[in-house]
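These notes are about the structure you will find just below.
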Amino acid sequence: MEIPDLSSMKLPSRPELFDFEGVSMCIADYVKVYSTTWVSYILDLLYFGNDAPERQTSQPIYTRVPFLESCFKVIPSGTELADNLPTSPRLIKTHLPVQLVPKSFWEQNSRVIVYVARNAKDNAVSYFHFDRMNMGEPEPGDWNTFLQTFIDGKKVFGSWFDHVNGWWEKKQTYSNLLYMFYEDLVEDTGHEVANLCSFLGLSTSVEQKEKITKGVQFDAMKQNKMTNYSTVPVMDFKISPFMRKGKVGDWKSHFTVAQNEQFDEVYKQKMKNTTVKFRTEI
């Protein structure tokens, strides 16, 4: 399938949020959590890095690993891209909360899922800067406004708390689900690549795993036009790059003492009934 040149295309003004089955959504959204792009790229290299190396230099990651629920005017929909993927297995990305994933997905019990979660504070900061530069997202307002909206769960795809807890609960009963943490990926990428290989049953050589680990480091991906989203016109890199810092603990440069105290109180209440644990620094 031929993918149009996005660099010459323009999208309309920022969309508004709407409610879909209790979850905030928007039309024409390019929603980013860098960790999903990171793991998408790792998986693509693990499965196809040797057999189809030209993919890495000629096709952007969002066509190699389609965003399932995307429906943009400038490129084919996520489902269309997924249906026409020439590779096997098909690698497909979603940001949907677990309750919105199609029921057939679970009933067929043939899919392997890799879920990546990032601590709430760094997630909020990353999301804020992404919304600032992404004209396909609703207007974020200033940091104070954005943080309150994030706490209230009124961001695209809903509450961070509900999202990570919902998928964690699903993990307890669905054996084909690997729940990964962004902080672990940052701390020891090689170890997490090895864990992925083990979970997926891949007999990847030590040399190939080392090559992949080196190639997916933050600075390398930030410079790679096939992974840094610089070809997408709706993103204004003059405001902020898609891949900004990629660090754990950057929230400390954004949260005031009062904001941090408020957030910790909310976090305590929202996460009191779950066993999932996050690290806000490493």
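Nothing fancy with the numbering, it's 1 onward along the sequence.
At a threshold of 4.5 Å between non-hydrogen side-chain atoms, the residues F181 and V276 count as touching. When side chains are defined from C-beta on, D122 does not count as touching T280, because their heavy atoms never get closer than 4.5 Å. For the pair F48/L43, no side-chain contact is recorded, criterion being any heavy-atom separation below 4.5 Å from C-beta on. You'll find the side chain of H95 reaches within 4.5 Å of the side chain of T36, heavy atoms only. The side-chain heavy atoms of E210 and T213, taken from C-beta on, include no pair separated by under 4.5 Å. Side-chain atoms of Y115 and H163, non-hydrogen and from C-beta on, do get closer than 4.5 Å to each other. Counting only heavy atoms from C-beta outward, the side chains of M221 and T37 approach each other to under 4.5 Å. Contact of the T274 side chain with the F161 side chain is not registered, since no non-hydrogen atoms from C-beta on lie closer than 4.5 Å.
Across W160 and R118, no two heavy atoms sit closer than the pair NE1-O, 3.0 Å. Looking at every heavy atom in both residues, V65 comes nearest to S40 through CG1-OG, 3.8 Å. Between I113 and F199, the shortest heavy-atom distance links the atoms O-CE2, 4.0 Å. The shortest heavy-atom contact between F157 and P97 is CD2-CD, 4.1 Å. Heavy-atom minimum distance, F146 versus P140: CB-O, 3.6 Å. For I212 against I42, the heavy-atom pair with the smallest separation is CG2-CG2, 4.5 Å.
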Verdict with supporting geometry, D162 and Q99, side-chain hydrogen bond (donor to acceptor under 3.5 Å, both in side chains): CA-CA 10 Å; D162 293 345; Q99 72 271 20; over 6 Å; no
After noting the C-alpha distance and the side-chain angles of F218 and W38, does the key distance pass the ring pair (Phe, Tyr, Trp, His ring centres under 6.0 Å) rule? CA-CA 8 Å; F218 184 83; W38 197 2; 7.9 Å; no
Checking salt bridge (charged side-chain N to carboxylate O under 4.0 Å, His left out) for the pair D184/R279: CA distance, chi angles, key distance, verdict? CA-CA 9 Å; D184 295 342; R279 294 186 290 167; 2.7 Å; yes
side-chain hydrogen bond (donor to acceptor under 3.5 Å, both in side chains) between S126 and N123, intermediate numbers included: CA-CA 5 Å; S126 178; N123 187 285; over 6 Å; no
Assess the residue pair D131 and K155 against the criterion (salt bridge (charged side-chain N to carboxylate O under 4.0 Å, His left out)); give the C-alpha distance rounded to whole Å, side-chain angles, the decisive distance to 0.1 Å, and a yes or no. CA-CA 10 Å; D131 274 7; K155 301 305 300 177; 3.0 Å; yes
As a quick check of understanding, evaluate side-chain hydrogen bond (donor to acceptor under 3.5 Å, both in side chains) for E80 and N84, giving each step before the final call. CA-CA 6 Å; E80 184 178 353; N84 288 280; 4.9 Å; no
Would you sort out whether D83 and R90 count as a side chain to side chain contact (heavy atoms under 4.5 Å, CB included), showing the intermediate values? CA-CA 9 Å; D83 286 342; R90 292 184 300 167; 3.9 Å; yes
In sequence, state the C-alpha distance, the side-chain angles, and the governing distance for T145 and D142, and then conclude on side-chain hydrogen bond (donor to acceptor under 3.5 Å, both in side chains). CA-CA 5 Å; T145 301; D142 62 18; 2.7 Å; yes
Verdict with reasoning, W143 to F150, per ring pair (Phe, Tyr, Trp, His ring centres under 6.0 Å): CA-CA 10 Å; W143 166 243; F150 183 91; 8.5 Å; no
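Salt bridge D264/K121: present, at least one basic N to carboxylate O contact under 4.0 Å.
Judged by a 6.0 Å distance limit and a 45° cone about the ring axis, K170 is positioned over the six-membered ring of W106. Annotation: cation-pi pair K93/F67 present, NZ/CZ under 6.0 Å from the ring centroid and within 45° of its normal.
Between the side chain of T63 and the backbone N or O of Q59, no donor-acceptor pair lies under 3.5 Å. Side-chain N or O atoms of W167 include none that pairs as donor or acceptor with a backbone N or O of Y179 at under 3.5 Å.
Counting non-hydrogen atoms of other residues, nucleotides and ligands closer than 6.0 Å to NZ of K247 gives a total of 12 or fewer. Atom CD of Q259 has more than 12 neighbouring heavy atoms from other residues, nucleotides or ligands inside a 6.0 Å radius.
Put simply, V98 and F278 are part of the same group of oily side chains (I, L, V, M, F, W, Y) that touch within less than 4.5 Å, one to the next. Residues L200 and V39 share a hydrophobic cluster, clusters being chains of Ile/Leu/Val/Met/Phe/Trp/Tyr side chains in contact below 4.5 Å.
Inspection of the T275 and W168 side chains reveals an N or O donor paired with an N or O acceptor under 3.5 Å. Defined by atom type and a distance below 3.5 Å, a donor-acceptor pair is missing between the side-chain atoms of W251 and E281. Checked by atom type, the side-chain pair D152/Q148 shows a donor-acceptor distance below 3.5 Å.
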